[in-house]
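In what follows, a structure is listed as structure tokens, so that the remarks can point back to it.
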Amino acid sequence: MLSFIVRRLLIAIPTLLAIITVCFFLMRLAPGGPFDAEAPVPPEILANMRAAYNLDKPLIQQYGDYLLNLAKGDFGPSFKYKDFTVTELIGQGFPVSAQNGLAAIILAIIVGVPLGILASLKQNTATDYSVMGFAMTGIVVPSFVMAPILILIFAIFLKGTPFQLPAGTWEGGAFKHRILPVFCLSLVYIAYLARITRASMIEALRQNYVRTARAKGLPFRTVVVRHALKTALVPVVTFLGPGIAFLLTGSMVVETIFGLPGVGRYFVQGALNRDYTLVMGVTILSASLIITMNIVVDVLYGLLDPRVKYE
Amino acid sequence: MSILDIRNLTVSFKTQDGAVSAVNDVSLSLQKGECLGIVGESGSGKSQTFMAAMGLLAANGKASGEILFDGQNLIGASESTLNSVRGNRMGMIFQDPMTSLTPHMKIGRQLGEVVIKHRGATPAQAREQALAMLKRVQIPEAERRLDMYPHELSGGLRQRVMIAMALMCSPEAIIADEPTTALDVTVQAQILDILRDVKERLNTAIVLITHDLGVIAGLADRVAVMYAGRIVEVADVRSIFANPQHPYTKGLLACTPRLDDACGGAMTTISGQPPNLQRLPSGCSFHPRCGYAFEKCTTERPALEVVGATRAKACFKTIEAA
């Protein structure tokens with residue numbers, strides 16, 4: 001298994017390089033540049049700015065320089081947030097996004113998976129329909145609708161009650177200020193996990209070996225947990241792998257609405273501002289996370305199902 | 001003394017096209033230590049009869065009547081009552097050993113959990129008993145198999161593991177649902193030998209559900225023939241083969257190819273299809289396919305009547321011994 005992980009990590013290097021290359025050149029192909037939004041400046045000053053940011057050299061040389069700096073761990077300066085390097089921006093934003101993302105994942109797993117199991121055991125009953133109705137709502141209502149609704153309910157309607165929750169301020173990450181954004185982030189994942197778990201549990205409960213386990217006189221709970229659940233978790237893990245990577249890198253919508261200083265905002269703002277280095281930085285961050293999570297998922301497959309072999 | 005007594009059992013399934021009666025008014029008893037063969041085509045209700053006995057009907061299935069295990073009615077019994085019988089006093093072996101073992105659990109653990117549940121064994125004791133049971137069903141290198149996963153074993157070995165699992169608590173009865181169907185012929189013979197050994201040495205009653213008359217001839221003491229959810233004939237195994245009294249039994253026997261048959265001849269079949277359980281023919285369900293049928297058969301259903309000491313049949317005709 002160790003050699004499997006090492007091999008996968010080695011393959012990750014060319015993968016990452018390919019992503020960096022494509023992203024670098026695509027970014028440059030997009031019309032406009034990092035300084036277009038500024039007030040018009042004399043051509044000499046623009047030329048100086050371009051020279052300062054290494055934009056005056058041929059594109060291929062810029063690419064080479066970027067890779068060299070990257071190898072040294074230097075992601076370069078941000079073009080828009082002038083006093084910050086990309087490393088500093090990500091260093092400040094990523095912990096916030098990652099903490100909230102992690103909390104949202106944990107919440108999604110401890111709520112979504114049991115809900116899915118419950119729905120599968122009560123298939124086609126009122127319980128099942130309510131869980132699936134809730135899940136469908138969670139999936140179809142986008143976060144930019146859900147977030148204002150949550151704010152409306154908890155910050156405004158419940159004002160003055162013990163259930164009032166703050167929204168739109170961060171206060172350095174006080175617990176109370178995290179509740180709404182974390183809930184909002186996790187809702188769609190709760191919904192997906194409930195649906196996926198339900199479907200795979202229904203499938204697993206139909207398996208012959210579950211019948212065998214029941215014929216052995218094991219209590220139903222043991223049959224479900226010990227015999228059915230483990231194989232049923234395979235699709236859940238498949239979904240969670242990239243899901244975790246997305247959650248950890250934050251959400252533009254949720255961070256903007258709830259005023260979180262996370263890294264999710266940078267994906268959109270960076271692209272709109274043609275902040276080349278920042279876009280590269282967040283792309284490398286999320287690509288590395290996705291690659292890592294895919295390796296984790298593949299390792300977990302083997303732990304969940306002994307028929308999976310690491311080659 | 002009967003260990004399992006099925007009285008007027010009816011099993012029906014709710015489907016989108018209405019209720020399907022898989023088993024109709026079946027009464028059967030399994031004596032202690034005997035092997036009762038159940039024969040019939042697919043859909044004749046032979047498996048569902050005993051699925052009902054194990055409380056393993058699909059969620060849309062419903063059983064009525066009585067299934068007395070050692071005097072205790074299992075129909076409508078609570079899950080915990082069923083669980084005190086299942087795997088403990090009555091074991092079951094399923095048709096498809098390839099899919100009937102949990103793929104992510106080691107063999108030793110799957111066997112051991114039966115005695116941990118029913119006998120309160122410690123994991124170490126359970127492992128020891130699992131090892132002893134694997135040896136009893138003649139699994140080579142039993143010690144090593146305990147730590148293997150099902151996919152690492154062949155079909156024949158997996159079926160032995162299934163048998164070992166059913167035997168873990170020395171049950172009084174075992175239901176073997178087509179135990180040899182998925183296996184190749186040489187392995188079939190070995191599995192039947194093991195079942196025979198279980199019956200003779202442990203005095204375990206066995207219900208042998210199969211459509212293979214050869215399997216029945218080798219192991220069963222008595223045979224019940226089922227057609228369209230009903231028992232059409234019950235007799236001791238010799239009489240069934242020597243002197244079938246129901247046209248369907250006779251037809252089944254005629255379908256079995258024999259070594260001394262003339263080469264090149266067409267194989268005998270029972271013409272027609274098994275009936276649709278939702279639209280059973282009037283009268284005797286078998287009459288559209290029966291060579292002996294006469295008018296009464298199309299309007300009236302023959303009851304299962306006792307004829308002779310060890311025999312019952314549901315047919316108006318008396319068939320002369322061949």
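Excluded from the calculations below are hydrogen atoms, water molecules and symmetry mates; all remaining heavy atoms, backbone and side chain alike, are included. The sequence lines fix the lettering, A, B, ..., with proteins before strands; numbering per chain opens at 1.
- In this structure, chain A has a heavy atom under 4.5 Å from the backbone of B/Leu101, while its side chain stays farther away.
- For NZ of A/Lys122, the number of neighbouring non-hydrogen atoms (other residues, nucleotides, ligands) closer than 6.0 Å is 12 at most.
- Other residues, nucleotides and ligands contribute at most 12 non-hydrogen atoms within 6.0 Å of the CZ atom of A/Phe246.
- For CD of B/Glu128, the number of neighbouring non-hydrogen atoms (other residues, nucleotides, ligands) closer than 6.0 Å is 12 at most.
- Residue B/Pro103 comes nearest to A/Pro306 through the heavy atom pair O-CG, 3.2 Å, listed as atom of the first residue, atom of the second, then distance.
- By the 4.5 Å heavy-atom criterion applied to side chains, A/Pro219 and B/Lys117 are counted as neighbours.
- Heavy atoms closer than 4.5 Å to chain A are found nowhere in B/Met98, neither backbone nor side chain.
- For the set B/Ala166, B/Ser100, B/Gly87, B/Cys169, the entry with the most heavy-atom pairs within less than 4.5 Å of chain A is B/Ser100.
- Judged by distance alone, with hydrogens and angles left aside, the side-chain atoms of B/His104 form no donor-acceptor pair with the main-chain N or O of A/Arg307 at under 3.5 Å.
- Residue-environment remark: OH (A/Tyr192) stays at or below the threshold of 12 foreign heavy atoms within 6.0 Å.
- Counting only distance, with no hydrogens or angles, the side chain of A/His227 and the backbone of B/Met105 share no donor-acceptor pair below 3.5 Å.
- No part of B/Arg89 comes within reach of chain A, as not one of its non-hydrogen atoms sits under 4.5 angstrom from that chain.
- Between A/Lys216 and B/Gln110, the closest side-chain pair of non-hydrogen atoms falls below 4.5 Å.
- Residues B/Met165 and A/Thr212 meet the side-chain proximity criterion, which asks for heavy atoms closer than 4.5 Å.
- Between the side chain of A/Arg214 and the backbone N or O of B/Leu56 there is no donor-acceptor pair closer than 3.5 Å.
- Taking all atoms of both residues into account, the shortest heavy-atom contact from B/Asn83 to A/Leu218 is ND2-O, 3.3 Å.
- Proximity to chain B involves both the backbone and the side chain of A/Arg226, based on heavy atoms less than 4.5 angstrom apart.
- When each of A/Ala215, A/Ala228, A/Gly217, A/Ala213 is checked for heavy-atom pairs under 4.5 Å with chain B, A/Gly217 comes out on top.
- With A/Arg211 as the fixed residue, the side chain to side chain contact (heavy atoms under 4.5 Å, CB included) test singles out one of B/Met54, B/Met51, B/Met92: B/Met51.
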